[in-house]
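Worksheet: one structure, shown below.
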Amino acid sequence: MRADPATSSLHITAAVAGMAHRVAATDPAVAEHPWLARATDYCLRAIDAIDTAPPALELMYALQFLDAVHDTRPEAPPLLTRLGAYLPADGILHVEGGTENEALRPLDFAPLPGRPVRALFPAEVVAGELRRLAAAQQGDGGWPVEYTVFSPASGLEWRGYLTVRALWLLSRNR
């Protein structure tokens with residue numbers, strides 16, 4: 001499947017706008033940038049139009065976006081609740097078009113404690129994910145790539161990313 005370069009994408013716009021809103025909390029230049037207002041309105045309209053389960057990555061970024069604007073946009077809380085209904089009870093979703101074992105897990109959707117998106121998961125699911133993550137650390141201190149990589153170099157790059165991410169998640173969720 002190829003993306004249409006002439007059409008906006010909720011997937012990437014929500015990913016970037018959600019992160020921009022987190023930065024905007026401490027950076028007025030980002031908060032006041034006209035792109036962020038347009039992207040926010042676009043994401044809210046696109047999310048409101050969702051009426052079937054979206055692909056896993058789009059769902060993750062849409063939920064993270066809604067979490068980021070939860071306290072500033074009144075339409076975000078009900079949209080977060082509605083989209084959260086697409087999450088399975090265990091929070092594990094296969095990535096469409098990904099490799100056989102590629103899946104998103106609860107901490108991918110809700111990495112930070114105390115945030116509204118985290119409330120979509122039972123505490124025992126999150127606790128189990130944190131235990132699973134801690135137990136996956138390998139003897140050299142790194143974390144494994146849990147899906148097929150396409151080259152030795154990409155495996156090393158992903159392993160580095162996943163190790164830093166695991167350390168960050170574990171430090172934020174003590």
Side-chain angles (χ1 to χ4, degrees), residues 1-25 30-130 132-133 146-148 150 158 161-162 165 168-169 172-173:
M1 177 200 275
R2 296 179 63 86
D4 180 353
T7 304
S8 294
S9 160
L10 176 58
H11 173 135
I12 196 63
T13 306
V16 175
M19 188 59 64
H21 275 283
R22 296 201 190 282
V23 171
V30 175
E32 296 165 7
H33 198 282
W35 175 86
L36 186 56
R38 288 191 315 272
T40 299
D41 290 341
Y42 164 77
C43 288
L44 290 168
R45 283 191 313 275
I47 292 168
D48 188 46
I50 292 173
D51 59 0
T52 60
L57 289 168
E58 185 173 280
L59 178 61
M60 178 185 70
Y61 289 125
L63 288 169
Q64 289 177 354
F65 166 81
L66 292 169
D67 188 71
V69 300
H70 187 273
D71 301 330
T72 59
R73 294 297 296 250
E75 55 272 66
L79 290 172
L80 182 73
T81 300
R82 188 163 61 80
L83 274 193
Y86 292 118
L87 292 168
D90 65 0
I92 301 171
L93 279 178
H94 177 73
V95 175
E96 300 85 353
T99 60
E100 181 182 343
N101 298 323
E102 193 170 353
L104 297 176
R105 304 184 70 88
L107 294 174
D108 295 318
F109 292 100
L112 297 171
R115 294 297 310 152
V117 73
R118 179 64 70 86
L120 298 173
F121 298 98
E124 61 272 10
V125 167
V126 173
E129 283 295 303
L130 289 167
R132 184 193 74 80
L133 182 62
E146 296 178 322
Y147 45 85
T148 304
F150 299 101
W158 276 112
Y161 168 81
L162 293 169
R165 184 174 185 280
W168 181 83
L169 282 167
R172 294 288 188 264
N173 285 278

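Position 1 is the first residue of the sequence; numbering continues from there.
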L59 and L87: side chain to side chain contact (heavy atoms under 4.5 Å, CB included), yes or no, with the steps? CA-CA 9 Å; L59 178 61; L87 292 168; 3.9 Å; yes
Please report the shortest heavy-atom distance between A15 and Y61, naming the atom on each side. CB-CD2, 3.3 Å
Using side-chain heavy atoms (C-beta onward) and a distance below 4.5 Å, is L66 in contact with L44? yes
Can you measure from CG (L79) to CD1 (I50) and round to the nearest 0.5 angstrom? 8.5 Å
Indicate the atoms forming the closest heavy-atom contact of A110 with F121, along with that distance. CB-CE1, 3.8 Å
All heavy atoms of R165 vs all of L107, minimum pair found to be NH2-O, 3.2 Å
Can you find a pair of side-chain heavy atoms, one from L57 and one from E96, that are under 4.5 Å apart? no
Is it the case that more than 12 heavy atoms not belonging to Y161 sit under 6.0 Å from its OH atom? no
Can you give me the closest heavy-atom contact between A20 and V30, atom names plus distance? O-CG1, 3.4 Å
Minimum side-chain heavy-atom gap I92-P106 below 4.5 Å: yes
I'd like to know whether CD of E100 has more than 12 heavy-atom contacts from other residues, nucleotides or ligands below 6.0 angstrom. no
Are E146 and R105 within salt-bridge range, i.e. N to O under 4.0 Å? no
Taking it one step at a time, do D71 and R115 satisfy side chain to side chain contact (heavy atoms under 4.5 Å, CB included)? CA-CA 10 Å; D71 301 330; R115 294 297 310 152; 3.7 Å; yes
Quick check: do F65 and T40 have side-chain heavy atoms less than 4.5 Å from each other? yes
Surrounding CZ of F109 (heavy atoms of other residues, nucleotides or ligands, distance under 6.0 Å), is the total greater than 12? yes
Does some side-chain heavy atom of V125 sit less than 4.5 Å from a side-chain heavy atom of D90? no
Donor-acceptor pair, distance only, cut-off 3.5 Å: does the side chain of N173 make one with the backbone of P111? yes
Between H94 and A56, what is the shortest heavy-atom contact and its length? O-CB, 3.5 Å
Shortest non-hydrogen contact between D48 and R82, atoms and distance: O-NH2, 3.0 Å
So, are R118 and D67 salt-bridged, with charged N and O less than 4.0 Å apart? no
Report yes or no: does R73 contribute a side-chain atom to a donor-acceptor pair with the main-chain N or O of A68 at less than 3.5 Å? no
Check for a donor-acceptor pair, side chain of Q64 on one end and backbone N or O of D108 on the other, with a separation under 3.5 Å. yes
